[in-house]
Amino acid sequence: MNVRPLYDRVIVKRLEAEEKTAGGLFIPDTAKEKPIQGQVVAVGNGKRTDKGDVLALEVAVNDRVLFGKYSGTEIKLDGEERVILREDEILAIVDA
Amino acid sequence: MNVRPLYDRVIVKRLEAEEKTAGGLFIPDTAKEKPIQGQVVAVGNGKRTDKGDVLALEVAVNDRVLFGKYSGTEIKLDGEERVILREDEILAIVDA
Amino acid sequence: MNVRPLYDRVIVKRLEAEEKTAGGLFIPDTAKEKPIQGQVVAVGNGKRTDKGDVLALEVAVNDRVLFGKYSGTEIKLDGEERVILREDEILAIVDA
Amino acid sequence: MNVRPLYDRVIVKRLEAEEKTAGGLFIPDTAKEKPIQGQVVAVGNGKRTDKGDVLALEVAVNDRVLFGKYSGTEIKLDGEERVILREDEILAIVDA
Amino acid sequence: MNVRPLYDRVIVKRLEAEEKTAGGLFIPDTAKEKPIQGQVVAVGNGKRTDKGDVLALEVAVNDRVLFGKYSGTEIKLDGEERVILREDEILAIVDA
Amino acid sequence: MNVRPLYDRVIVKRLEAEEKTAGGLFIPDTAKEKPIQGQVVAVGNGKRTDKGDVLALEVAVNDRVLFGKYSGTEIKLDGEERVILREDEILAIVDA
Amino acid sequence: MNVRPLYDRVIVKRLEAEEKTAGGLFIPDTAKEKPIQGQVVAVGNGKRTDKGDVLALEVAVNDRVLFGKYSGTEIKLDGEERVILREDEILAIVDA
């Protein structure tokens, strides 16, 4: 199954394990989640301006990126978890 | 009955069954609904810019698309449930 | 009495009966009202842009349209109930 | 006393009597006030755009107009109650 | 002491006495304050647009104006109370 | 230590003493603080527009200005308290 | 590991120690944190305008900057804490 994000959206595969908090546990403020890494697996055609121009994205497929743990929307592709978000929610590109 | 969405709106037919929660049951946070798939059955003429230009939509009739379960507005066409939403609420096009 | 809506506003005559809930009854979430149909009886001259251009509306008098049950403002014309709303609140045109 | 509204503001004289609710009475939702009629008694020079152009208003002095009962601001001119509001708050022009 | 307001701000001297409510008294909704009159004592150079143009103000020094009782910010010039507000908060010019 | 504000920010040195409320005391609404005076000690290069142009500021170093007591952010330069705020938060220039 | 911030984001290394409040202690309003200093370690290519132009940033690598203690997002690079924020959240450049 192939999924093409629209406009300035990208699909990312998480690279870091996500520790789960057992239900009901209180999470103190100091536990505010840090951004996590992911690998871009698909990008949209670009951001459409108010004038109708399409601006190419700065991130590309295979880029490793940093993004907020709770950014975007989780989707399931062929049984695997992916995150779909707007490029503007990506903080940085990581060169390993 | 034929329905033509206005401007950047599209009409989608849901492709996934929607499990209903019995009334009154508590839905924990972990049950946050994933986006669902649908098939585009009608599209508007395009998004109108502030200048009056009309920008063609990227999605087309018959496209399979991903969109948030609670996006848009439910309508009934000839007795069948459809969802009408703006193209911007569609996350991605699915090539099966 | 003739009423001319301003700019991008239109006046619509409801085509569907509106069932009323007896006062004080609790309305569960599943009773969220679907959009209803109406017939356009008057349209404004068009939407005025920031530059002062006037963009013609896509809906026209006599069009059957879908719009949210609680969209716009109710007015009374010659003793009859009408709804006045902006074209952007209209979801679609219905070809019967 | 002559009062000139600024830019896209207009001054309106109410044409309908306003029934008052005795203090402290509960007003059920079904009593949501309908728009009322008024007569335009003064208009500003026009709406100023971001570029500094001034766009003439569509309403003119002596027009009968429909506007929300609670729109704008009440003022007193020579002992008489008037309402000052932006043209965008006017719903329609009434041709009696 | 001379005070020059910046851009689209103006300084106004109140012309109407302001009745004060004794501390702690409840003010019912029907007591919503009407706009008051004032005299313009200073105006800024004009409103700066996003492009950097400066648009001259419509109000001028010595104009009598109507403005909301609680609009703007109170300042004290040489021991006298003045109000500094943006021109857009002024409702109308009064020709006495 | 030299500090250069970015874009349309300016640094101001307060000229009026600030009376402090002892911790825990209730401050009634009528005690709403008036704007205070300050002297500009540094200004940014100018406000950057959406197009990338830089618009020179109207305030300059050494200007005496009025600004809201709680506007901006307090910083400490070489042990002295300063306020850094955007030019738009400055109400007026005072010619003593 | 090299990290390239996107567009108008920059990465900053904190230069001031951060005193921690023991869990549960009440922090009075007077304890509002002052901005802190940091050193820029990476900058994006520039801010992208609505038209697609990219505007170079005013801050550069190695600049010492002032920014709000709680601005931006904390990330960890090679085991070290960094802050990633938009240039607009930086208050000033410090010339030591």
Side-chain angles (χ1 to χ4, degrees), chain A residues 7-10 12 14-19 25-40 43-72 83 85-96, chain G residues 1-14 18-27 31 33 40-57 59 61 67-90:
Chain A
Y7 301 109
D8 60 329
R9 287 188 172 92
V10 302
V12 174
R14 283 208 182 90
L15 293 177
E16 288 178 319
E18 194 177 338
E19 306 84 52
L25 280 197
F26 174 67
I27 306 172
D29 273 7
T30 51
K32 216 169 57 181
E33 310 286 358
K34 295 261 165 71
I36 58 174
Q37 290 192 32
Q39 186 163 24
V40 177
V43 300
N45 287 332
K47 181 172 180 170
R48 190 157 70 171
T49 69
D50 283 346
K51 283 188 158 170
D53 297 326
V54 174
L55 310 176
L57 301 186
E58 196 165 328
V59 299
V61 170
N62 283 330
D63 277 355
R64 289 181 69 158
V65 294
L66 274 180
F67 61 100
K69 191 170 189 170
Y70 299 118
S71 294
V83 181
L85 33 63
R86 294 181 183 275
E87 192 200 34
D88 191 60
E89 295 175 282
I90 292 179
L91 302 171
I93 297 175
V94 181
D95 300 321
Chain G
M1 188 166 78
N2 190 30
V3 175
R4 290 180 284 134
L6 283 182
Y7 302 109
D8 59 330
R9 287 188 172 91
V10 303
I11 301 183
V12 175
K13 170 187 172 185
R14 283 209 182 91
E18 194 176 339
E19 306 84 52
K20 291 218 173 75
T21 306
L25 280 197
F26 174 68
I27 306 172
E33 310 285 359
V40 177
V41 297
V43 301
N45 287 332
K47 181 173 180 169
R48 191 157 69 171
T49 70
D50 283 346
K51 283 187 158 170
D53 297 325
V54 174
L55 311 176
L57 300 186
V59 299
V61 170
F67 62 99
K69 191 170 190 169
Y70 301 118
S71 294
T73 308
E74 288 193 17
I75 60 173
K76 215 160 200 165
L77 295 189
D78 300 324
E80 304 213 43
E81 300 244 323
R82 297 290 180 264
V83 181
I84 187 162
L85 33 62
R86 295 182 182 275
E87 192 199 34
D88 191 59
E89 295 176 282
I90 292 178

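Computed from a predicted model, the values in this text were never measured in an experiment. Chain letters run A, B, ... following the sequence lines, proteins first and then strands; every chain starts at 1.
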Report task. Against chain G, work out which of Asp53(A), Asp88(A), Val65(A), Thr49(A) has the most heavy-atom pairs shorter than 4.5 Å and name it. Result -> Asp88(A)
Query raised in the report: Can you name the side chain to side chain donor-acceptor pair (under 3.5 Å) partners of Glu81(G), sequence neighbours left out?
Result: Lys34(A)
Query raised in the report: Is any residue of residues 5-12 of chain G within less than 4.5 Å of chain A by heavy atoms, and which ones?
Result: Pro5(G), Leu6(G), Tyr7(G), Arg9(G)
Report summary line: Asp50(G) meets the salt bridge (Lys or Arg N to Asp or Glu O under 4.0 Å) criterion, sequence neighbours left out, with none
Report summary line: Separation between CG (Leu66(A)) and CZ (Arg4(G)), nearest 0.5 Å, reads 12.0 Å
Report summary line: Contacts of Asn45(G) meeting side chain to side chain donor-acceptor pair (under 3.5 Å) (sequence neighbours excluded), chain-then-number -> Glu58(A)
**Report entry** Residue pair Leu55(A) / Arg48(G), side-chain heavy-atom distance below 4.5 Å
**Finding:** yes
